[in-house]
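Everything numeric here is computed off the predicted structure, so don't read it as measured data. As a basis for the values below, the full set of heavy atoms in this structure was taken, side chains included, without hydrogen atoms, waters or symmetry mates. Here is the naming used below: chain letters follow the sequence lines, and residue numbers restart at 1 for every chain.
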Amino acid sequence: MSERRKPYPFDRLEPKWQAIWDETRAFHAPNPGEEKFDPAQPKYYVLDMFPYPSGAGLHVGHPEGYTATDIIARYKRLKGFNVLHPMGWDAFGLPAEQYAIKTGQHPVVTTRENVAKFKTQLKRIGFSYDWEREINTTDPGYYKWTQWIFLQIYNSWFNPETKKAEPIATLLEAMKNWLGYEQWTPEQQRKIVDDRRLAYVEDAPVWWCPDLGTVLANEEVVDGKSEVGGFPVVRRPMRQWMLRITAYAERLLKGLDGLDWAESIKTLQRNWIGRSEGARLEFPWEGNVATGLLELAITVFTTRPDTVYGATYVVLAPEHPWLEAIVTREQRDRVREYQARVASKSELERTDLAKDKSGVFTGGYAINPITNEPVPVWIADYVLMSYGTGAIMGVPAHDERDWEFARRYGLPIKHVVAQLIPDGIEMRPSPAGITRVVQSKTGEKLGTWNDDRPFCGEGIAFNSPIIEGLLTPEAKQEVIKWLEMRGGLNGPTVKYKLRDWLFSRQRYWGEPFPIVWCDGKHEALTESELPLEPPALEDFKPSGTGEPPLAKAKDWIRYSENASRETNTMPQWAGSCWYYLRFCDPHNDERFVDEEAERWWMGPSIEKVVETRLVDPDPEWKPGGVDLYIGGVEHAVLHLLYARFWHKVLFDLGHVSKPEPFQRLVNQGMILGEDGRKMSKRWGNVIDPLDVIEIYGADAFRCYEMFMGPLEQMKPWSMKGVEGVSRFLARVWRLIMEENQAGEWVRSAAVQDEELTKAQQKITHATVKKVTADIESLSFNTAISQMMIFVNAFTTAEKIPVSAMRTFLVLLNPFAPHISSELWERLNLGGDITAQSWPEYDERFLVEDEIEIVVQVNGKLRDRITVALDATESELEAAALANQKVQNAIAGKQVRKVVVVPKKLVNIVTG
RNA sequence: GCCGAUGUGGCGAAAUGGCAGACGCAACGGACUUAAAAUCCGUUGGGCUUAAACGGCCCGUGCCGGUUCGAGUCCGGCCAUCGGCACCA
C-alpha cells in the first residue's frame, strides 16, 4: 500500500502520550500505607484474565475484553476511585515447553521474549495498567507462593462438622475421640490423616494423553480428546496428586447465588457440579443367607427410591471392587472377559458404543430390600464406577437405560408408577390389556400405565404396598423414612458429578511440588525451603511412559540420604488460581499478600450490592472481591471453578477476608473473521491488531472493538467498520483543529469561548447522561453512537464553544485516551485530562418547552403533534381529536375510548 | 436427549410495553476538484397509488396463538442457528 495521508497525526501523538503516562506513573494505584494513599477514596478493582504469552503475539480477541476493562478503569478514575487495574503473565504451560522440545531453547528464554512482545503490544494500545504490579507465574518470587498455597491445602482437611477446611492439627485432636483410637498404630493414624488431606495421592484410573505425555484433569478432556491439541486420551491407573474439590461442591454451588455473573455461566458451573438428591439403598448379597458369615450388601444410589418395588435386578460397574466376592465360579470367565474388553476400550469408543447396552450376569443374587425377593446381579459398562456408588438398581419400567438393558437380556419388568392423567382430560378407552387405570390414595387423581414402554416421569405409585396410591414426591419421602429405619448406609443422600481435581502433570514447565518422598510416604517441605525451583534440564521431553521429565534430574531429585523429591509438576491452572490476590501486593516477600492490602482491594466498593431474589441465599456471602472481571467464556468450568475453590480454602484458613474472589463476571463474545468464520490460519482470516493500529491508530482500534456490538456477543470483524470509527475520530480532530497554509495542525478559529445555544446545551447534557449510563451498563457501542451524534451536531456549527468540547473530551477519554489527551492539551484546558473529574449532567437542560406527541388511532401511528410541555390530558385529547389525519381515520366511526400517556402519546380507539 | 443463549434492512446493530431500524458500514445521487482520493451535503425496509413532485395507503422484528387501547419487547406453543453437558442412575 502506498503511503496514505493520516486523517490526523495519531502516529505521533499516540506514542507521545504513552511515554508521558509511563513517566508520570499516571495509573499507579497506591496501596494502604503508601504515600499517596487516601482511605477516603473508594477502591475499584477491575481485572482482565491475564494472557498466556504465546509466540504469536496478541490477536484481536485479547484487546476486546482489555479495552472494556480499560474504559471502566479510566472512567472510574475520573469518577474519583482508587482503581486497581493490573496485568501479568500466565506463563507456565504446554506451548512454551513444546517449543522448547522442538528448538532446544529453554522455556525461560522463550517466555521472556514472548512477555516482552506482549507487553510492547499492550502498551501500544494505550491500556492504563499499573505496570508496577506486573506479575509472572514463572517467576520464583511468584511461584514460591503458589507452592506455599499448595502446602496450606496439603496441610488441611475438610471438617464435615464445620464444613470448612481446617489445619491437620484439629484432625489429630478430633481423632482422639474416635472409636478405637487407642489401638491404632502410628502407621494407621498416618493413613487416616493422609486420606483426609485436601491434597492427597491416589492410585486410580486417570486420563492419560499419550501424545502430550501427561495426565489431564476431567475438565481438560472434551469428547474423549485433550482440550489442548485434540489428542486422544485413555483411562489408565496412575499414582497422582488430587485436590479434594468435591468437599466444596455444596459451597461452590451455593456461593454462585450471591454473585453478579451471567446466568448462563452460573448454569454451566451448576451443571458441572451436577448436584442430585436421592437415596442410598442396600441390597444384601444373597450369599449372606447361605454362608451366614459375610455381611455384604450392595449399596446403590437412586434419585427415585419410590421405584424400588420395580427393581428387578442390580448392576455393578465393571470395575466394582466387590465383584471378586460376588461372581460365581460358573460365570467367572465370562465376567473376566467382559471386564477386560471394557478396560481395553478408550473412553471415546466406550461412549461411542453406548447405543448398544451390554453386560454380563455375575451368577450372584442380591435381595431387594423392600420385596425381599432375590434379584440377579449383573455388570455392565453403562454403570460408571466414578458416579454414585458404582452400582444401580435396575428399574426397567421407569428408566430408559434399564428398559433397554432388560429388554436385551430378558430381565423381568415390573411397573410400579402410573402416569398422571392431566386434569380435565377425559379418559378415552384404549385397546384392552394395554393401558390400565390407577387411582391415587385420595381418589382424586387418576393414572395410567402401559407395559409397552417405560415411564420415567412422576406419577402415582402402585403395586407398592407401603406407598400404594401416593404421588411420587410423597412416595419418595415415605421410602426414605422406611430406609432410615433400616439403618446401615440406607437413607437420603446427595451426589455430585464433580470429581476431585487431578492436580499433577508429567511436564517440565510447571511448578514443582514442594513434597519429598521417604519410605513411600510423602512429606511437605517447610516454608523456608521455598521457592523450590525446577532443575536445569537439557532434555524436556516427556518419556512417554508417564515418568515425568524431572525424573531425569538425578541430583535434583535426591533430597537427603533416604528422601527424594516429587517429580510431577502442577498444572497450568495453579498460577492463575490466585494471581488476582498477588496483584494486591505483588512484591511482598513475607506473605503471599499483605493482610491489609488484601482487605482493602478485595473489600467492598461502594458499588451497589447485588440483590438476590433467591429464597435460600448463601449465608456465607459477603460483599467484596474483584469488582469487575472480564474474560472469555472458555474458562467457565476450569479457571473460574478452580480459583473459587482455592479462594474458599484460603478463606477457611483465615488467609483472605472474603469467601468469593470475583463479585462481577462478564464474558466477552468471540470476534470472528470478516467471513463470519472463527479466525484461524486455516481460513486466512486472522486480523493482527498491530496491523490495524498501524493504519488507523490505537484509538480507532479501541473504539472499533467497542463499537462492533454488545461486548458479550459473538461478532464478525470488519475493516470497513474500523474505517468508519476512524472517520469519527478524524471529525473530532477537525472539530477543534485545522490545517494552516504550511500544512500544520493548529487550533481551529471556530473554537471560541461561546455560550452554548439551547440545542447545544441539550445535546451536551444528553450525551453526558447517555455515555455515563452506557459505561455503567457496559453498553460501549451505544455510548460511542451517542458521541457520534454529538459530533455530528457540532460539525455544522459555525462556532464551536470551548466548554462543550471540554465536557466532550472527558467523555471520550476512556474510549480514545490519546486523541482526547492531545486535544485537551492543544485547547490549553489546564492540567492533564486524566486528572479531571467526570462531568455531571442536569435534567433541566434536557427538557423542552414544547414536545412532540404521537397520535395513534387503534394503535397505529397517524400523526405527530407539537404541544406545550405542561399540556393537560384533556388538552392533549382535544388536540389529537382536532387533528386532520385523525379525523380522516376516524370518519364515520365512533370513538370508544381515548388513551392519553402524558408527554408521550394519545391513542384513539374506535368501535 | 437435557440445559442455556440468539433470531430485527444488503451488512454490524439500536429501541424503560408507546414513532421499528438510532449510530455506523455498503450503495446511489450531488458539491468541491483538471481528475482522483479525502472531505461535505442528500437518499436508502418492502410494496401500492400518482404523468411527476408533494401527498396518501398497505405490509414488515423466525413461525402460530394469547394478554393489552397498544407487543420487536410480556405469556403459551413451535421452528432454526450457536454454545455447554451427555449412559450422572
> Separation of A:Y696 atom OH from B:A38 atom C1', in whole Å?
Replying inline: 13 Å
> In the strands shown, is B:G45 matched to any nucleotide by a Watson-Crick or G-U wobble pair with both distances under 3.5 Å, and which?
Replying inline: B:C59
> Atom CD of A:Q856 and atom P of B:G18: how far apart are they, to the nearest Å?
Replying inline: 11 Å
> For B:A22, does OP1 or OP2 lie under 4.0 Å from any side-chain N or O of A:N792?
Replying inline: no
> How is A:I789 classified with respect to the nucleic acid when contacts are heavy atoms under 4.0 Å: base, sugar-phosphate, or nothing?
Replying inline: sugar-phosphate
>> Given B:C82, B:C69, B:C3, identify the nucleotide with an atom nearest to the side chain of A:N271.
In response: B:C3
> A:K720 side chain N/O closer than 4.0 Å to the phosphate oxygens (OP1, OP2) of B:A26?
Replying inline: yes
> Can a salt bridge be assigned to the pair A:K769 and A:E843 using a cut-off of 4.0 Å between side-chain N and carboxylate O?
Replying inline: yes
> Below 3.5 Å, does any donor atom in the side chain of A:K497 face an acceptor in the base of B:C85, or the other way round?
Replying inline: no
>> Please determine whether a side-chain nitrogen of the Lys or Arg among A:K495 and A:E277 lies less than 4.0 Å from a carboxylate oxygen of the Asp or Glu.
In response: no
> Could you state the interatomic distance from CZ (A:F780) to CG (A:D774), rounded to the nearest 0.5 Å?
Replying inline: 9.5 Å
>> Closest approach to the side chain of A:Y382, judged atom by atom: which nucleotide of B:C87, B:U16, B:G4 is it?
In response: B:C87
> More 5' along RNA chain B: A:G390 or A:V899, using each one's nearest nucleotide?
Replying inline: A:V899
> CG of A:D774 versus P of B:A14: gap in Å, rounded?
Replying inline: 11 Å
> Does A:K715 have a side-chain nitrogen or oxygen under 4.0 Å from the phosphate oxygens OP1 or OP2 of B:G12?
Replying inline: no
>> To the nearest 0.5 Å, what is the distance between CG on A:N218 and CH2 on A:W207?
In response: 7.0 Å
> For RNA chain B, whose closest nucleotide is more 5', that of A:M708 or that of A:G724?
Replying inline: A:M708
> Base of B:G9 relative to its sugar, syn (within 90° of 0) or anti?
Replying inline: syn
> Nearest to the side chain of A:T796 - B:C23, B:C69, B:C41?
Replying inline: B:C41
> Heavy atoms under 4.0 Å, any strand shown: does A:I392 hit a base, just sugar-phosphate, or nothing?
Replying inline: base
>> Going by purine N1 to pyrimidine N3 plus the second Watson-Crick contact, or the G-U wobble pair, all under 3.5 Å, which nucleotide sits opposite B:U39?
In response: B:A31
> Where the side chain of A:R864 is concerned, which of B:C23, B:A89, B:C19 is the nearest nucleotide?
Replying inline: B:C19
> Paired with B:C69 by Watson-Crick or G-U wobble geometry, both distances under 3.5 Å: which nucleotide is it?
Replying inline: B:G18
>> If I take atom CD from residue A:E282 and atom OG1 from residue A:T389, how far apart are they, to the nearest 0.5 angstrom?
In response: 10.5 Å
> B:C82, B:C40, B:G12: which one has an atom nearest the side-chain heavy atoms of A:R731?
Replying inline: B:C40
> Using a cut-off of less than 4.0 Å, is there contact between a side-chain N or O of A:S785 and OP1 or OP2 of B:A13?
Replying inline: no
>> Checking base pairs now: Watson-Crick or wobble, both atom distances under 3.5 Å. What partners B:A52?
In response: none
>> Please tell me if A:N907 has a side-chain N or O lying less than 4.0 Å from either OP1 or OP2 of B:G18.
In response: no
>> At 4.0 Å (heavy atoms only), tell me whether A:K678 reaches a base, stays on the sugar-phosphate, or touches nothing.
In response: nothing
> Could you go step by step and tell me if A:Y696 and A:F701 meet the ring-ring contact (aromatic ring centres under 6.0 Å, His included) rule?
Replying inline: CA-CA 7 Å; A:Y696 299 103; A:F701 177 75; over 10 Å; no
> How many Å lie between CE on A:M788 and P on B:A14, as a whole number?
Replying inline: 14 Å
> If you check the A:L861 side chain, which of B:A20, B:A89, B:A13 turns out closest?
Replying inline: B:A20
> Can you check whether A:K860 has a side-chain N or O nearer than 4.0 Å to OP1 or OP2 of B:C59?
Replying inline: yes
> Would you call A:E64 and A:K715 a salt bridge, taking side-chain N to carboxylate O under 4.0 Å as the test?
Replying inline: yes
> So does A:R734 get a side-chain nitrogen or oxygen closer than 4.0 Å to the phosphate oxygens (OP1/OP2) of B:C40?
Replying inline: yes
>> Closest approach to the side chain of A:K904, judged atom by atom: which nucleotide of B:G18, B:C41, B:C23 is it?
In response: B:G18
> Applying a 3.5 Å limit to both distances, which nucleotide forms a Watson-Crick or G-U wobble pair with B:G4?
Replying inline: B:C82
> Where the side chain of A:T303 is defined as all heavy atoms beyond and including C-beta, which of B:G56, B:C19, B:A89 is the nearest nucleotide?
Replying inline: B:A89
>> Check this one for me: any side-chain N or O of A:R727 less than 4.0 Å away from OP1 or OP2 of B:A38?
In response: no
>> What verdict does the ring-ring contact (aromatic ring centres under 6.0 Å, His included) test give for A:W745 and A:Y8, after you've listed the backbone C-alpha separation in whole Å, the side-chain angles of each residue and the deciding distance to 0.1 Å?
In response: CA-CA 9 Å; A:W745 288 107; A:Y8 73 98; 8.6 Å; no
>> For a quick check of understanding: with a heavy-atom distance under 4.0 Å over all strands, which category does A:G388 fall into, base, sugar-phosphate or nothing?
In response: nothing
> Would you say a side-chain N or O of A:Q713 is under 4.0 Å from OP1 or OP2 of B:A13?
Replying inline: yes
>> Categorize A:S718 for me: base, sugar-phosphate, or nothing, with a 4.0 angstrom heavy-atom threshold over every strand shown.
In response: nothing
>> Does B:C57 have OP1 or OP2 under 4.0 Å away from a side-chain N or O of A:R862?
In response: yes
